[in-house]
Protein chains: 2
Amino acid sequence: MFQSYTIKDIAKALGLSTSTVSRALNGSYEIGTETKKLVLEYAEKINSRPNPIALSLKDQKSHSLGVVVAEVANTYFSQAINGIESIAYNRGYHVIITQTHESAAREAANVQHLLSRHVDGLLVSLSSEITDLSQYKYLHEKGFPIVFFDRAAPDIDTHKVIANNYKGAFEATELLINTGFTKIAHLTNSANLLISQDRLEGYKDALEKNNIAYNAQLVKHCNHGGMVHDEVEEAIKELVNLGEDRPDAIFVASDRLTTSCLATLKKLKLKVPKDIAVAGFTNSDVAELFDPPLTVVRQPAFQIGQIATEMLIKVIESKRPVTEFSTETLDTILIPRESSIKVK
Amino acid sequence: MFQSYTIKDIAKALGLSTSTVSRALNGSYEIGTETKKLVLEYAEKINSRPNPIALSLKDQKSHSLGVVVAEVANTYFSQAINGIESIAYNRGYHVIITQTHESAAREAANVQHLLSRHVDGLLVSLSSEITDLSQYKYLHEKGFPIVFFDRAAPDIDTHKVIANNYKGAFEATELLINTGFTKIAHLTNSANLLISQDRLEGYKDALEKNNIAYNAQLVKHCNHGGMVHDEVEEAIKELVNLGEDRPDAIFVASDRLTTSCLATLKKLKLKVPKDIAVAGFTNSDVAELFDPPLTVVRQPAFQIGQIATEMLIKVIESKRPVTEFSTETLDTILIPRESSIKVK
DNA sequence: ATGAAAGCGCTAACAC
DNA sequence: GTGTTAGCGCTTTCAT
């Protein structure tokens with residue numbers, strides 16, 4: 001069962017040469033029907049499977065995909081990985097997952113590690129800390145297949161799969177405005193990230209459309225995306241101490257940050273939505289159970305993972321070098337709940 | 001950078017044979033200091049890395065570990081995977097993750113898939129549906145390295161890493177009893193699973209110790225571990241319709257089931273803990289934010305993943321066949337919160 | 001229609 | 001101390 005047979009075994013058993021067996025197994029037309037049937041049946045009987053390692057060595061493809069994410073234990077990424085696995089598995093690829101924990105140094109090391117493992121391509125969601133994209137640029141220029149998902153590199157022209165962050169942010173902000181909030185803070189991830197920039201734009205434009213002046217004091221960046229608790233607490237304290245500019249609502253723009261924000265508000269004994277309303281990006285599937293139930297912007301993480309993987313495999317298996325790249329943008333889902341209602 | 005050099009390239013460049021280069025790279029003592037230095041420096045300069053695929057083919061080790069879990073997008077498993085990755089990465093192994101979605105058929109297919117990929121060993125957490133363990137038995141008897149974590153196979157004598165489920169359940173149940181609840185229901189996963197049996201035992205013994213009669217009507221099994229919502233709703237409806245036996249508290253014994261249970265209670269407009277108190281196993285890191293904050297039994301998932309991986313690699317790398325196996329049991333952490341307080 | 005042999009990158013037994 | 005060679009499992013020219 002686990003000690004698999006080789007074509008040599010089959011050849012010997014059947015009195016054939018290994019090449020004949022190989023060809024028969026691969027359905028080559030130049031093998032006699034008799035022989036082919038014989039080989040196929042015997043192979044089936046002993047349940048032989050080609051050794052993927054030998055195949056890899058032969059055709060210089062590892063049939064593995066490298067994945068770079070911030071954290072596996074994050075609702076968004078675990079769902080995306082689920083999508084990645086589902087496609088990869090069916091296409092005969094396996095997936096090597098690495099975590100950056102939002103560190104640029106680890107990210108660089110992970111990419112190196114994946115390359116040394118001879119992955120056929122890379123699925124990357126940038127760490128919040130990264131600024132130097134030369135590693136990716138170099139690889140991409142050399143024709144190495146890379147697909148970015150979620151957190152994409154702005155100035156590398158390759159395939160990308162992202163949520164419509166601008167729209168998601170716009171809608172969430174406008175929901176808060178339409179509910180009657182006027183001083184809306186924006187708590188977001190590192191400004192390095194394109195997703196942060198897009199979400200900030202959506203936020204700004206929603207304000208502008210509704211004739212609310214943009215106030216830079218109300219925008220706070222947490223460069224560790226909610227992983228460092230003090231950073232979040234600091235930001236929120238600054239916000240609530242703004243005196244007459246004190247926000248009546250917060251729009252949070254990152255998964256982990258959203259839950260960290262809630263935890264911090266709770267710690268500071270600020271009631272949501274009475275003292276301050278909250279709406280935020282998160283893919284948590286228990287947001288409904290929160291106190292209060294949380295208004296969320298949800299990303300189609302599973303599909304994003306699937307599409308990114310399909311794109312990557314397509315590039316990998318392309319006969320000729322790929323030079324045309326596209327960006328798939330998927331809509332987010334806004335789910336209004338009590339955390340963003342107006343309490344009189 | 002990604003187009004790596006081979007020892008042949010080095011040999012040619014330096015006017016040496018491939019074997020000399022190979023030996024130099026591996027620090028063989030029978031190579032002249034001069035030559036060794038020369039090779040090492042050159043290899044460093046061109047940043048050459050041994051091709052892991054060729055190594056795998058050579059010594060019949062893939063340096064990959066197969067993982068079988070129910071779902072990646074589950075707080076417990078994503079944390080465990082995090083632990084698995086952290087060890088595997090440092091030990092030069094990579095990890096292939098497969099998901100059963102609690103299906104026995106998928107589980108069997110996944111194991112086959114992993115074997116055909118020539119993984120060096122298996123890290124398995126059984127699906128709730130599985131009953132036939134012959135596949136694992138066969139492999140284990142053949143000497144194939146398998147370590148079970150969390151959901152272990154009762155009658156296979158191999159390494160296992162589990163939480164102290166009995167104690168965790170006992171403590172949670174006793175917490176409810178000490179708080180003043182007397183009719184405590186138990187909502188649990190498939191009875192197939194050893195973890196379910198252990199948790200049931202802990203529950204029963206806590207009742208017994210406190211002179212509360214065991215009532216079988218109060219125990220409900222959800223065979224899909226909370227993945228199938230109707231199953232949970234059905235069970236809860238039956239519980240609350242028990243008339244005078246209607247429970248005043250529920251102890252839930254599975255991660256997904258705990259959150260499903262809360263969602264169902266909410267849907268049925270039952271207030272926690274007023275109408276019914278709740279305590280449950282879960283590794284969610286946002287249980288504190290729930291309405292009400294949830295009393296949980298938390299498992300050291302990260303460490304469980306780490307220990308299981310260390311054990312597995314040890315077996316894989318053992319010179320002689322391993323015949324002595326151990327079971328590591330880690331304590332759970334009980335975190336009392338408002339969902340289990342008594343409201344008058 | 002089938003077989004012999006080379007080669008993918010690496011290691012190790014065997015020369016010298 | 002260093003080179004030659006075979007072999008891990010497979011595919012693929014090149015013969016026949």
Side-chain angles (χ1 to χ4, degrees), chain A residues 2-40 42-43 46-64 92 115-120 317 319, chain B residues 1-43 46-64 92 115-120 317 319:
Chain A
F2 79 89
Q3 212 322 95
S4 37
Y5 296 91
T6 70
I7 54 171
K8 210 166 160 183
D9 297 323
I10 302 180
K12 200 182 297 169
L14 266 36
L16 294 166
S17 76
T18 58
S19 33
T20 304
V21 174
S22 170
R23 279 185 277 239
L25 254 22
N26 291 301
S28 165
Y29 56 90
E30 47 183 358
I31 295 292
T33 332
E34 302 278 279
T35 323
K36 199 182 270 182
K37 202 175 145 212
L38 189 70
V39 173
L40 255 24
Y42 184 73
I46 64 172
N47 187 31
S48 92
R49 302 255 165 279
N51 183 330
I53 298 168
L55 283 176
S56 291
L57 184 60
K58 183 79 185 116
D59 53 54
Q60 307 285 37
K61 297 255 170 234
S62 63
H63 284 272
S64 61
L115 292 176
S116 78
R117 289 235 168 246
H118 288 244
V119 294
D120 296 337
E317 297 185 349
K319 300 292 177 207
Chain B
M1 197 186 225
F2 78 90
Q3 212 323 93
S4 39
Y5 296 90
T6 71
I7 54 172
K8 210 166 161 182
D9 297 324
I10 303 180
K12 200 182 297 170
L14 265 38
L16 295 165
S17 75
T18 58
S19 42
T20 304
V21 175
S22 169
R23 278 186 277 240
L25 254 22
N26 291 300
S28 165
Y29 57 90
E30 46 183 358
I31 294 293
T33 332
E34 300 279 282
T35 323
K36 200 182 271 182
K37 201 175 147 213
L38 190 69
V39 172
L40 256 24
E41 279 174 358
Y42 185 73
I46 63 172
N47 188 30
S48 93
R49 301 256 164 279
N51 183 330
I53 300 167
L55 283 175
S56 291
L57 183 60
K58 182 82 183 113
D59 53 53
Q60 307 285 37
K61 296 255 170 232
S62 64
H63 285 273
S64 61
L115 294 175
S116 79
R117 288 233 167 248
H118 288 241
V119 294
D120 297 336
E317 296 184 349
K319 301 290 178 208

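In what follows, every chain begins at residue 1, and chains take the letters A, B, ... in the order their sequences are listed.
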Short side-chain N/O contact from B:Asn26 to OP1 or OP2 of C:dT11, under 4.0 Å: yes
Touch class at under 4.0 angstrom, heavy-atom based, for A:Thr35 against every strand present: sugar-phosphate
Sugar-phosphate only, base, or nothing, as touched by A:Leu16 at under 4.0 Å among non-hydrogen atoms: sugar-phosphate
Value in whole Å for how far the P atom of C:dG9 lies from CG of B:Leu25: 15 Å
Value in whole Å for how far the P atom of D:dC10 lies from NZ of A:Lys12: 13 Å
Gap between atoms CG and C1', on B:Leu55 and C:dC8 respectively (whole Å): 13 Å
Sugar-phosphate only, base, or nothing, as touched by B:Gln60 at under 4.0 Å among non-hydrogen atoms: sugar-phosphate
Donor-acceptor pair (no angle test) under 3.5 Å: A:Ser19 side chain, D:dT11 base: no
Short side-chain donor-acceptor distance under 3.5 Å, A:Ser17 and A:Thr20: yes
Separation of atom CD1 in A:Ile10 from atom P in C:dT2, rounded to whole Å: 16 Å
Spacing of OH belonging to B:Tyr42 relative to CG belonging to B:Asp9, to within rounding of 0.5 Å: 7.5 Å
Under-4.0 Å side-chain N/O to phosphate OP1/OP2 contact, A:Thr6 with D:dG9: no
DNA chain C: 5'-proximal contact among A:Tyr29 and B:Ile7 (nearest heavy atom): A:Tyr29
Touch class at under 4.0 angstrom, heavy-atom based, for B:Asp59 against every strand present: nothing
Main-chain N/O of A:Lys61 paired with A:Ser56 side-chain donor or acceptor, under 3.5 Å: yes
Interatomic distance where CD1 belongs to A:Ile53 and C1' belongs to D:dC8 [whole Å]: 10 Å
Atom-to-atom span, CG of B:Asp9 to P of C:dG9 - whole angstrom: 8 Å
Rounded interatomic separation in angstrom, taking CG from B:Asn51 and P from C:dG9: 7 Å
Closest-nucleotide ordering on DNA chain D, the 5'-leading residue of A:Glu30 and B:Lys58: B:Lys58
Separation of A:Arg49 CZ from B:Arg117 CZ (nearest 0.5 Å): 12.5 Å
Side chain of B:Arg23 - closest among C:dG3, C:dT11, C:dC14: C:dC14
Interatomic distance, A:Ser64 atom OG to A:His118 atom NE2 [nearest 0.5 angstrom]: 10.0 Å
Closest nucleotide among C:dC8, D:dT2, C:dG9 to the B:Lys8 side chain: C:dC8
Side chain of A:Thr18 (C-beta onward), nearest among C:dG9, D:dT11, C:dG3: D:dT11
Interatomic distance, B:Leu57 CG vs C:dA12 P [rounded to whole Å]: 14 Å
B:Arg49 (side chain) and C:dG9 (base): donor-acceptor pair under 3.5 Å: no
Spacing of B:Asn51 atom CG and B:Leu57 atom CG [to the nearest 0.5 Å]: 10.0 Å
